Amino acid sequence: MSPTKPAPGRKSVAVVGAGAAGVLVAGRLLDLAARRRIPLDVVLIGPGEPGHGVAYGTRAPEHLLNVPAGKLGATTDDPAGFARWTGGPPGEFVAREHFGAYLAGYLRAVARHSEPGRLWRVREEVARIRRRSPGLSLESGSGVRFAAAAVLAIGAGSPGVRWAPDSLRAGGRFVADPWVPGALEDIPPAEDVLLVGTGLTMVDMALTLDRPGRVLHAVSRHGLLPRPHAAAPVPPVALPGTADDLASLRLLVRDHLGKCLRETRDWRPAVDGIRPRTAELWQRLSAADRRRFLAEDHAYWEVLRHRMPPSSAAGLARIRRAGRLTVSRGEVLAAEGGEVALTGGRVRVGAVVNCTGPDPDAKRNPLVARLVADGLAAPGPLGIGLATAPDGRLRPTNAPLWTLGAPRKGDLWETTAIPEIRRAADDLARSLVADVISVDDGEGRPA
Ligand SMILES: Cc1cc2nc3c(=O)[nH]c(=O)nc-3n(C[C@H](O)[C@H](O)[C@H](O)COP(=O)(O)OP(=O)(O)OC[C@H]3O[C@@H](n4cnc5c(N)ncnc54)[C@H](O)[C@@H]3O)c2cc1C
């Protein structure tokens, strides 16, 4: 049973959400506690196996990581850690479930050597967080816990369904969230399927649902497919210069891609070279330019940036050639029984699978809705995620409440993949230790 109150002389940090981000923050906090001899209780609260979350909870062997194993170590100082764990080549794209198992093992290993730091695990959802003096209280099914600070590692949540007409949502053939365990089990095996969205989730779903005699129809507003990773990747090429508005940014990126293509015969190193600069470039844009980027450029950027493993691309090409997958532009207008009306025609299907990705409105998470209602959090720029200070602390108050990963997308744009989450977890753990845990508040001993 985890402590509901820190023992005398100890401090406690609650990490809400036990997916990849929660595990990486908890791991870094425990590591710092051990190195600096801090009597710290890290309470990791959230359902599910630690480290698995939405992305790495899948058991399907065809659902691959979209980052090579050699770049996915749990800590910034050991990016090769995961490749060592798999024992395979660093350039390999392995099944996502292995990464969940690796993260769970990483946390267990850090916790074994964290004294005087200690890890506590609570498999519940946090319903409400309140400000106390000092610290916070967190309410969940088993009661109220007190902590000096909390980190919201709550991810992006389930896919948005606002695009789906009522007639589709009301019928029994809509799979609103394909990542819920067992969500695909009721799809009639002999019937065709409509996949709405043509990004990486669609790629996973197409590879899982493909079978002889079935046609998968994939549609999205733009009909664009993710590009594949290169079989022999070239190192990133840094973006030269900067831009303060969207028109100049478009020119800068176009020139950068063109030059890189001429010099390396590949555009990917140019895209990878923009990645470390994305947050800075995004923050230089006005709200109007960010909106225009979302409306006009976003879909093109996404397919270049979020690429699929070469083997997934080969699998997709194979089922397209066999006539078992069509990819086109289209929006869903209405559904009547198995008949779905699209902007480009009609299809008769046994199921419609939502592959559109997360809804940017963080308030769909009940805890976040409550925090916003209580004035402890506010929506992020353009209503995407949550408003945060540069160190990840929630705005508008200075309550000891931080976040990382998807909730920071409105502020940073590039923040949801493991390399960025790992960096953020590292920075966050250091600022928590410096700002909160080491400060003597009269209850705990200063570190
Ligand atoms: C299908 C998919 C595949 C992906 N593949 C890759 C990849 O190959 N490589 C890569 O770098 N990135 C990938 N990503 C990006 C992904 O967002 C991150 O890599 C990472 O998994 C995000 O982890 P997270 O912990 O922030 O979020 P999540 O995995 O969503 O975990 C958040 C957790 O918080 C919990 N939670 C929410 N609210 C509460 C509450 N009130 N109380 C307690 N717990 C709560 C949820 O139950 C959940 O378990 C993928 C994303 C998806 C959706």
Side-chain angles (χ1 to χ4, degrees), residues 14-27 43-58 60 63-69 71-74 79 82 93-100 103 107 121-129 138-141 145 150-159 177-181 183 197 199-205 208 226 229 275 305-309 312 354-359 362-371 377 385 403-409 414-425 428:
V15 179
V16 181
V23 162
L24 293 177
V25 176
V43 188
L44 181 61
I45 314 177
E49 276 297 299
H52 287 64
V54 179
Y56 314 116
T58 172
H63 295 169
L64 303 183
L65 288 161
N66 58 25
V67 179
K71 294 186 178 170
L72 283 176
F82 178 53
F93 295 88
V94 302
R96 289 207 295 273
E97 63 174 317
H98 298 312
F99 190 61
L103 287 180
L107 187 64
R121 180 79 181 99
V122 180
R123 289 176 182 265
E124 293 174 349
E125 298 235 331
V126 174
R128 189 170 190 181
I129 300 177
L138 294 92
E139 297 169 19
S140 64
R145 283 184 174 74
V151 178
L152 296 186
I154 53 176
S158 47
D177 184 351
W179 299 117
V180 170
L200 289 172
T201 296
M202 183 286 286
V203 173
D204 284 345
M205 290 303 130
T208 296
H229 280 288
R275 185 169 171 179
R305 161 66 190 88
H306 296 284
R307 303 195 284 270
M308 58 179 151
S312 304
N354 183 9
C355 305
T356 59
D359 190 318
K363 292 196 302 305
R364 286 179 319 122
N365 181 315
L367 171 62
V368 171
R370 197 71 202 237
L371 285 167
T403 190
L404 77 167
R408 299 200 69 198
K409 186 156 185 174
E414 181 70 68
T415 176
T416 58
I418 291 300
E420 282 74 24
I421 291 179
R422 177 176 63 196
R423 161 63 52 205
L428 202 49

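Since we're looking at a predicted model, the values are computed, not measured. Ligands are counted one by one from 1 in listed order, and the atoms in each one are counted from 1 as well.
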- Do side-chain atoms of His98 reach the backbone of Arg96 as a donor and acceptor pair under 3.5 angstrom? no
- Determine, counting only non-hydrogen atoms of the protein, whether one lies under 4.0 angstrom from atom 46 (C) of ligand 1. no
- Given Asp204, Thr201, Thr208, the one that forms side-chain hydrogen bond (donor to acceptor under 3.5 Å, both in side chains) with His63: Thr208
- Message: Can you report which non-hydrogen protein atom sits closest to atom 35 (C) of ligand 1, along with the distance?
- Response: Gly17 CA, 3.8 Å
- Would you check if the side chain of Ser140 reaches a backbone N or O of Glu124 as a donor-acceptor pair within less than 3.5 Å? no
- Task: Output the list of atoms in ligand 1 that are nearer than 4.0 Å to some heavy atom of Leu367, sorted by atom number.
- Result: 41 (N)
- Query: How far is atom 37 (C) of ligand 1 from its nearest protein heavy atom, and which residue and atom name does that atom have?
  - Reply: Asn365 ND2, 3.5 Å
- Note on the structure: In this structure, atom 17 (O) of ligand 1 is nearest to the protein heavy atom Thr416 O, 3.2 Å
- Note on the structure: Ranked by distance from atom 13 (C) of ligand 1, the top protein heavy atom is Tyr56 OH, 3.3 Å
- Note on the structure: The atoms of ligand 1 lying under 4.0 Å from a heavy atom of Gly53, numbered in the order shown, are 29 (O)
- Residues at least two apart in sequence or cross-chain that pass side chain to side chain contact (heavy atoms under 4.5 Å, CB included) with Arg423, listed by chain then number, are Thr76, Asp426, Asp427
- Message: side chain to side chain contact (heavy atoms under 4.5 Å, CB included) for Glu97 and Tyr56? Distances and angles first, verdict last.
- Response: CA-CA 5 Å; Glu97 63 174 317; Tyr56 314 116; over 6 Å; no
- Message: Taking the basic N atoms (NZ, or NE/NH1/NH2) and the acidic carboxylate oxygens, is any pair closer than 4.0 Å for Arg145 and Glu139?
- Response: no
- If we only count N/O pairs under 3.5 Å, is Val54 in contact with ligand 1? yes
- Query: With distance as the sole test, does Thr403 use its side chain to make a donor-acceptor pair with the main-chain N or O of Leu152 at under 3.5 Å?
  - Reply: yes
- Who are the side chain to side chain donor-acceptor pair (under 3.5 Å) partners of Arg370, not counting sequence neighbours? none
- Query: Just which atoms of ligand 1 are under 4.0 Å from any heavy atom in Val16?
  - Reply: 40 (C), 42 (N), 43 (C)
- Query: Is there side-chain contact between Pro159 and Asp359, with heavy atoms separated by less than 4.5 Å?
  - Reply: no
- Go through ligand 1 atom by atom and flag the ones less than 4.0 Å from a non-hydrogen atom of Glu124. 43 (C)
- Query: Which option out of Gly405, Gly100, Ala55 puts a heavy atom nearest to atom 4 (C) of ligand 1?
  - Reply: Ala55
- Trp179 heavy atoms within 4.0 Å reach ligand 1 at atoms 1 (C)
- Within a strict 4.5 Å, meaning less than it, do heavy atoms of the Pro366 and Glu125 side chains meet? no
- Against heavy atoms of Ala417, which atoms of ligand 1 measure under 4.0 Å? 11 (O), 12 (N)
- Message: To check your reading of the model: name the closest protein heavy atom to atom 11 (O) of ligand 1, its residue, and the distance in Å.
- Response: Ile418 N, 2.8 Å
- Message: Give the atom numbers and elements of ligand 1 that come within less than 4.0 Å of a heavy atom of Pro47.
- Response: 44 (N), 47 (O)
- Note on the structure: atom 5 (N) of ligand 1: closest protein heavy atom, distance to 0.1 Å, is Arg96 CD, 3.6 Å
- Going by an N to O cut-off under 4.0 Å, is there a salt bridge joining Glu414 and Lys409? no
- Can Leu200 be said to touch ligand 1, with heavy atoms closer than 4.0 Å? no
- Note on the structure: For atom 8 (O) of ligand 1, the closest protein heavy atom turns out to be Asn66 N, 2.8 Å
- Looking only at protein heavy atoms, what sits closest to atom 26 (O) of ligand 1 is Ala21 CB, 3.4 Å
- If we number the atoms of ligand 1 from 1 as shown, the ones under 4.0 Å from a heavy atom of Ala153 are 32 (C), 33 (C), 34 (O)
